[in-house]
Amino acid sequence: MRSLRSLALSLCILLASCGGAEKAMQKRIDKLHIGMTIPEFKTVMREASTVYLSEDYSAFKVMKSRVKYGYGYVYSTRFFYFQDGKLWRIDEGERAVDYRVKVD
């Protein structure tokens, strides 16, 4: 009976901790708003790294690894896009699609 309780407790802790990286990222994003300037953004997201920079367009990346899950870490990544110095878009980025070869 005791091992069943400890198994249930371990399962609850594991399930509760899986969303930790996402929750931590969401708390930070809630402080942002569309139209904010880059200096305002940098005060909230200090660890943002520049991934693209031009005269009128720039993009930043923030990656959080808050939770150790199994043998690795759970990451939460967001990209922040600025046009003319103002935040206009936030997303998780796009994954490259695997190439498919069609043989006739």
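Residue numbers count from 1 along this sequence.
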Asks: Any side-chain heavy-atom pair from Asp84 and Tyr57 closer than 4.5 angstrom?
Replies: no

Asks: Stepwise, does the side-chain contact (heavy atoms from CB on, under 4.5 Å) test hold for Asp91 with Phe80?
Replies: CA-CA 7 Å; Asp91 66 21; Phe80 303 88; over 6 Å; no

Asks: Measure across Leu87 and Ile34 and return the closest heavy-atom pair with its distance rounded to 0.1 Å.
Replies: O-CG2, 3.4 Å

Asks: Using side-chain contact (heavy atoms from CB on, under 4.5 Å) as the criterion, list what pairs up with Lys61, not counting sequence neighbours.
Replies: Ser49, Val51, Met63, Thr77, Phe79

Asks: Hydrophobic clustering (ILVMFWY, side-chain heavy atoms < 4.5 Å, transitive) - are Tyr52 and Tyr81 grouped together?
Replies: yes

Asks: Are Ile38 and Lys86 side-chain neighbours, meaning at least one heavy-atom pair lies under 4.5 Å?
Replies: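 A side-chain contact is absent here, since even the closest heavy-atom pair is not under 4.5 Å.
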
Asks: Taking all non-hydrogen atoms of both residues, which atom of Trp88 and which atom of Gln83 are closest, and how far apart?
Replies: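 Of all heavy-atom pairs spanning Trp88 and Gln83, the closest is CD1-N, 3.2 Å.
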
Asks: Aromatic rings Phe82 and Phe41: how do their planes relate, parallel, tilted or perpendicular, breaks at 30° and 60°?
Replies: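 Correct class here is perpendicular.
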
Asks: Any side-chain heavy atom of Phe60 within less than 4.5 Å of one from Met45?
Replies: no

Asks: Less than 4.5 Å apart, side chain to side chain, heavy atoms only: is that true for Lys42 and Glu47?
Replies: no

Asks: Please give me the minimum heavy-atom distance between Arg28 and Arg46, naming the atom from each residue.
Replies: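 Taking every non-hydrogen atom into account, NH2-N, 4.0 Å.
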
